[in-house]
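One structure is given here, and the rest of the page talks about it.
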Amino acid sequence: MSSETRFDPASADARWQKAWEGAQTFRADSNSPRPKCFVLEMFPYPSGRIHIGHVRNYTMGDVLARYKRMTGHEVLHPMGWDAFGMPAENAAMEQGVHPGGWTRANIEHMKAQLKRLGFALDWSRELATCEPDYYGHEQALFLDMYAAGLVYRKESEVNWDPVDMTVLANEQVIDGKGWRSGAEVEKRKLNQWFLRITDFAEDLLEGLGTLDHWPDKVRLMQENWIGKSRGLEFSFDLSNGETLPVYTTRPDTIFGASFVAVAPDHPVAQGVAAQNCDAARFIELCKKGGTTAAELETAEKLGFDTGIGARHPFTGAYLPLYIANFVLMDYGTGAIMAVPGHDQRDFEFATRYGLPIPRVVAASLEDADKPFAGEAEAGDGVIVNSGFITGMSVEDAKREVIARIEGEGRGEGKTVWRLRDWGVSRQRYWGTPIPFIHCAGCGVVPAPKSSLPITLPEDVDFQTPGNPLLRHPTWKHVECPKCGAKAERETDTLDTFVDSSWYFLRFASQPADRPFDPEEVARWLPVEQYIGGIEHAILHLLYARFWTRALARMGQIEVKEPFASLFTQGMVTHETYSRRAGEREVFFSPEEVTRTGDGARLEADGSPVTIGRVIKMSKSKKNVVDPDTIIDRFGADAVRWFMLSDSPPERDLPWSEAGIEGCSRFVHRLWRLFGAHDAAAQGEDRPLERKAHQTVAAVAQDIEALGFNKAVARIYELTGAVEKARPSASRSAAIRTLVQLVAPMMPHLAEEAWAAMGQPGMIANAPWPAVDPALLVEDEVTIAVQHMGKLRDTLTAPRGAAKEDLEALALASENLQRSLAGAAVRKVIVVPDRLVNIVT
RNA sequence: GCCCCUGUGGCGGAAUUGGUAGACGCGCUCGACUCAAAAUCGAGUUUCCUACGAAGUGCCGGUUCGAAUCCGGCCAGGGGUACCA
């Protein structure tokens, strides 16, 4: 092979992609005797085009998949499409296209884009959740869950657009208004389908302890989300003769309660409203706005004094009972005892309505009457001003109050979860139809499994807001499976998170007659490495864990946790370019802009634009880079290399033009070096061999830990060392090693070089280079010489030198002696093979 | 609001997990090659300095012989917040 030939990505990429496809190189064989390894990246939503974030995600998975193949594993590395969801319906409304046609065209386009990147994917297992051969099985699983008692219906609130007469997603509520109509959004109750994820709260919490290869932050976030708390449920006697159960996690602060509050939709509030139109008007007011926690928690704290008194169980005093907008019906009992001194929300409320703010926790008994510094104190301390618990610690007081209340038969200690059941009903077309039938006589009846898949009708209209399934002239009209009378199908569809809660099982096996083959699931699951965005840390990952545990409890599979290792990758970011045009800010894409020193100009007319912050690439800010364009310019390998370089994979990666150009230069630099390979070269180069073996070992470690940026740095170092070395057999071996090292990252270049060197077969099937452990350790080390922890000198010593020898060597250093300046040595700290620190 | 994360040269980052801060890459500067440019190759590149050294990992404080790393308190940016996926 000649170094004169330039590496041509355009032809090499296509040639090798065809060769892999022809040989079915990446098809996973369930019957292989090799150890199985399931590498999975979160499947994409087919929005239209592959996003650079996808490229980063799938490149990481691909490097691991290819590396695992090289180390003797049978790898399952599949790809599919999370194909149901809102954007398809939005496209239907805006462009008059059909959601199905739009989605399938997007899949077609994005699949071609992915193929250009040379990913080692088993395309024979491709799936799309919007196809009946996927969602029909999902309907069957939903019926199984219903039979197992994990599905039920209840009323729950949605965002309601009173002008468009339609349910809005949280994303579609902007500043409390509907995104299309601009109407003030209201909360409205609907009867909806729920999954009993709370039945698994304890299991899901405990299971976190077994997930050793998950990031701590994700486990912590899930733990907080599940939110197990031990508290007290007890009842207030009300002045109107009723009793009101409340729940609190701080029974120790019970003497600090200065009012009691119920949620606006609490029965007590409803009862008051029935007789008091001011109360009714207040509850109406609380209905304004959306349903999100962030909105509820940051809204101004508002209340309505019912005039009812609630009798304190210990002091006998009557506390005012309010209806308050910040009390949630979904948590605890929908009613609280409010302790303004030690809960910030209660503090704000009490301040607004002039209610007392007693102190019942303080740093010490002496501080019992210390005033508050403008905010509640939620921290630990000693109980004060609290009758029989005064002087106790917070924990002791909790126990004591629970015991006393239980003894008096007024309530009981109770474990409460923050986790709520999973509402899966969506009043939308483009999702999995929920397989139930409503019959006037028989009630809610499950659709017979023989009727699955219940497919979506094709002839639907999106010009009117609301659910097209509900409006469809014929689709919902069916016979009741029980009594044969005229009945109606359920017109809600399933949350798309359901689709992504079991797709990994379908990847492992794809029988036509059932959702999965349990034996194949046992072979491939759990997923050895799951990779995706941190934005899925809670919802998707918790739902997938729940679904897996539910199927295990139902006896359908053995595995309890779907993902053995999880890696959450950062986003790809880019600076924004914009200009003010009156009220609005207009954004420009990087392609429309030229950077000039410290500014930027429009290419079209040279007018200046403002360079904004580096943020996540998004269509609305136009700071996106199209993968196709850069693959055209630099080839797949340079793009892949850039995705792995520099930024640690868990952190954000700022896209830069200069960065990708540097990567492209490195591809060609490697090609030139590979061209210098001489199979007949003679002679040994021990230091280079050492470097090569050390690099192989370190890169392997880095890839297994997904520390791709570090692997890249080491490959740069070895490349430099090989370039500088004189020709020898060792150097030729190092060049072959280098080809193997970059094979998972730059597969096209590696195949091309492998073939040119006359190596047998494709490098995709070659093994990872072997390491000679004897070459990994250096026999000399550099020792730091410090005085009071400050570096004064370095010296070279044999590895494993005795402490005394190192101390003597250090004390002989002139630089050290100058720093000591005759001071008496009080102590010498020697860390073998690392440093000597003299303390004076 | 609440939960979680991040912060190191001009830029992306490394640092054997408490032990020589700035590996490696980008950019920039100088040089070689060239009629010239590109490409390529070589050297340099934290700041200050009276050239001995000193300071330095968002800010303030603490623990330690020794702190980017541990602890406490702030600041800034990001992710999630249950109907975006």
Side-chain angles (χ1 to χ4, degrees), chain A residues 42 44-45 47 82 84-87 158-159 167-173 192 197 215-218 220-225 227 290-299 301 326 330 344-345 348 418-428 495-497 500 533-540 542-543 568 570-571 573 613-616 645-648 650-654 656 658-663 665-666 668-669 672 707 709-710 712-717 720 723 782-794 818-819 826-829 831 833-840:
Chain A
M42 292 178 185
Y45 175 78
S47 59
D82 188 12
F84 274 139
M86 266 195 338
V158 293
N159 303 307
V167 176
L168 297 178
N170 288 334
E171 191 187 52
Q172 298 171 317
V173 179
Q192 309 200 71
I197 190 172
D216 288 340
K217 62 175 170 183
V218 175
L220 193 57
M221 281 190 264
Q222 291 211 353
E223 186 183 325
N224 291 337
W225 185 261
T291 58
T292 68
E295 203 174 329
L296 296 176
E297 298 265 2
T298 53
K301 310 281 175 288
F326 68 94
D330 288 328
Q344 186 57 28
R345 289 167 303 182
E348 286 170 29
R418 210 188 74 97
L419 183 68
R420 305 199 304 258
D421 273 337
W422 175 11
V424 293
S425 277
R426 296 294 181 271
Q427 295 70 41
R428 276 189 261 285
D495 178 6
T496 57
F497 273 126
S500 53
I534 183 65
E535 67 273 18
H536 295 292
I538 296 173
L539 294 182
H540 162 59
L542 192 65
Y543 291 147
T568 55
M571 300 173 300
T573 57
R613 283 212 326 275
V614 176
I615 56 169
K616 175 180 176 170
S645 303
D646 292 352
S647 282
E650 69 276 12
R651 262 202 246 168
D652 291 350
L653 170 69
S656 81
I660 181 70
E661 281 169 8
C663 290
R665 279 201 297 275
F666 184 63
H668 294 290
R669 181 175 154 204
R672 285 191 301 275
N709 57 321
K710 290 184 246 178
V712 162
R714 292 187 210 281
I715 288 170
Y716 273 117
E717 279 188 63
E723 282 170 340
T782 308
I783 304 287
V785 179
Q786 299 180 335
H787 174 209
M788 301 298 286
K790 289 202 185 294
L791 184 71
R792 290 297 176 236
D793 206 352
T794 58
R818 195 183 318 125
S819 176
R826 285 195 309 156
K827 197 171 162 192
V828 179
I829 287 153
V831 182
D833 293 338
R834 189 137 309 168
L835 65 81
V836 179
N837 186 19
I838 310 293
V839 184
T840 56

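Residue numbers begin at 1 in each chain, while the letters A, B, ... track the order of the sequences. Computed from a prediction, not measured in an experiment: that's the story for all the values here.
Counting heavy atoms from C-beta outward, A:Met221 and A:Ile534 have side chains that approach closer than 4.5 Å. At a threshold of 4.5 Å between non-hydrogen side-chain atoms, the residues A:Leu542 and A:Leu419 count as touching. Contact check for A:Arg418 versus A:Trp225: side-chain heavy atoms found under the 4.5 Å cut-off. Proximity of A:Gln192 to A:Gln427: side-chain heavy atoms (C-beta onward) are separated by under 4.5 Å at one or more points. Within the 4.5 Å cutoff, side-chain heavy atoms of A:Phe666 are placed close to those of A:Ile715.
As rounded to the nearest Å, B:rU47 and B:rA37 have C1' atoms that lie 36 Å from one another. For the P atom pair drawn from B:rG66 and B:rC48, the interatomic distance equals 29 Å after rounding to whole Å. Remark: the separation of the P atoms in B:rC74 and B:rC24 is 40 Å, to the nearest Å. If you take atom P in B:rU8 and the same atom in B:rC2, they sit 26 Å apart, rounded to whole Å. B:rG7 and B:rU57 have their P atoms separated by 14 Å, given to the nearest Å. Using C1' as the reference atom, B:rU46 and B:rU34 are 35 Å apart when rounded to the nearest Å. For the C1' atoms, the distance linking B:rG13 with B:rC84 amounts to 32 Å, nearest Å. Comparing the P positions of B:rA15 and B:rG58 gives an interatomic distance of 16 Å, to the nearest angstrom.
For A:Glu717, counting side-chain heavy atoms from C-beta on, the closest listed nucleotide (B:rG12, B:rC24, B:rC5) is B:rC24. Across B:rU20, B:rU6, B:rG78, the shortest atom-to-atom separation from the side chain of A:Ala784 is found for B:rU20. Out of B:rC41, B:rG19, B:rG78, the shortest distance to the side chain of A:Arg669 is found at B:rC41. With B:rC24, B:rC41, B:rG19 as the choices, the nucleotide that has an atom nearest any side-chain atom of A:Asn837 turns out to be B:rG19. In this structure, the nucleotide among B:rC52, B:rC41, B:rC5 sitting nearest to the side chain of A:Lys217 is B:rC5. Candidate nucleotides B:rA55, B:rG13, B:rC65 were compared by shortest atom distance to the side chain of A:Lys827, and B:rC65 ranks first. If you check B:rA14, B:rC5, B:rG1 against the side chain of A:Glu297, the one that comes closest is B:rG1.
Between the side chain of A:Arg834 and the base of B:rU16, at least one donor-acceptor pair of N or O atoms lies under 3.5 Å.
For the pair A:Asn224 and B:rC4, the criterion of a side-chain N or O lying under 4.0 Å from OP1 or OP2 is met. Taking 4.0 angstrom as the limit, A:Asn709 places a side-chain polar atom (N or O) nearer than this to OP1 or OP2 of B:rA14. For the OP1/OP2 pair of B:rA15 and a distance below 4.0 Å, the side-chain nitrogens and oxygens of A:Lys710 include at least one atom meeting the criterion. Phosphate contact (OP1/OP2 of B:rA38, side-chain N/O of A:Arg665, threshold under 4.0 Å): absent. Listed pair A:Arg651 / B:rG7 meets the phosphate criterion, a side-chain N or O lying under 4.0 Å from OP1 or OP2.
Atom CG in A:Leu542 sits about 16 Å away from atom P in B:rC4, given to the nearest Å. In this structure, A:Arg792 places its CZ atom 10 Å from C1' of B:rA54, rounding to the nearest Å. Rounded to whole Å, the distance from CE on A:Met571 to C1' on B:rG78 is 6 Å. A straight line from CD of A:Glu661 to P of B:rG12 spans 18 Å, rounded to a whole angstrom. Rounded to an integer number of Å, the gap from NZ of A:Lys790 to P of B:rG18 is 21 Å. As rounded to whole Å, 11 Å separates atom P of B:rG19 from atom CD of A:Gln786. The distance from atom CD of A:Gln222 to atom P of B:rC4 is 14 Å, rounded to the nearest whole Å. A:Ile829 places its CD1 atom 13 Å from the P atom of B:rU64, with the value rounded to the nearest Å.
Of the possible polar contacts, none joining the A:Asn170 side chain to the A:Thr291 backbone as a donor-acceptor pair under 3.5 Å is found. No donor-acceptor pair under 3.5 Å is formed between the side chain of A:Glu295 and the backbone N or O of A:Thr292. Remark: side-chain polar atoms of A:Asn837 are paired, donor with acceptor, to backbone N or O of A:Gly789 under 3.5 angstrom. Remark: the backbone N or O of A:Val785 is not paired with any side-chain donor or acceptor of A:Asp793 at under 3.5 angstrom. For the pair A:Asp652 (side chain) and A:Met571 (backbone), a donor-acceptor distance under 3.5 Å is present. Between the A:Asp421 side chain and the A:Ile197 main chain, a donor and an acceptor come within less than 3.5 Å of each other.
Of the two residues contacting RNA chain B, namely A:Gln344 and A:Asp652, the nearest-nucleotide position lying further toward the 5' end is that of A:Gln344. Of the residues near RNA chain B, A:Arg818 and A:Thr794, the one whose nearest nucleotide (by heavy atom distance) lies more toward the 5' end is A:Thr794.
Not counting sequence neighbours, the partners of A:Trp422 by the ring-ring contact (aromatic ring centres under 6.0 Å, His included) test are A:Tyr543.
Residue-level contact check: A:Pro648 touches the backbone only, with heavy atoms under 4.0 Å from sugar-phosphate atoms and none from bases. Residue contacts shown for A:Leu835 include a base, since a base heavy atom lies under 4.0 Å away. Counting any heavy atom pair closer than 4.0 Å across all strands shown, A:Ser500 reaches no nucleic acid atom. Residue contacts for A:Glu650: at a heavy-atom cut-off of 4.0 Å it reaches no nucleic acid atom on any strand shown. Using a 4.0 Å heavy-atom cutoff across all strands shown, A:Thr298 reaches at least one base atom of the nucleic acid.
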Annotated structure of RNA chain B as dot-bracket, pair cut-off 3.5 Å, Watson-Crick or G-U only, | for inter-strand, is (((((((..(((......[....)))((((((.......))))))(((....)))..(((((..]....))))))))))))....

Expected string for nucleotides 80-85 of chain B under the B/S/- scheme (protein heavy atoms, under 4.0 Å, primed atoms plus P, OP1, OP2 as sugar-phosphate) is SBBBBB

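Under the 90° criterion around 0 for the glycosidic angle, B:rG9 counts as syn. Glycosidic conformation, B:rU81: anti, with the torsion outside 90° of 0.
The CG atom of A:Asn224 lies 10.5 Å from the CD atom of A:Gln222; values are rounded to the nearest 0.5 Å.
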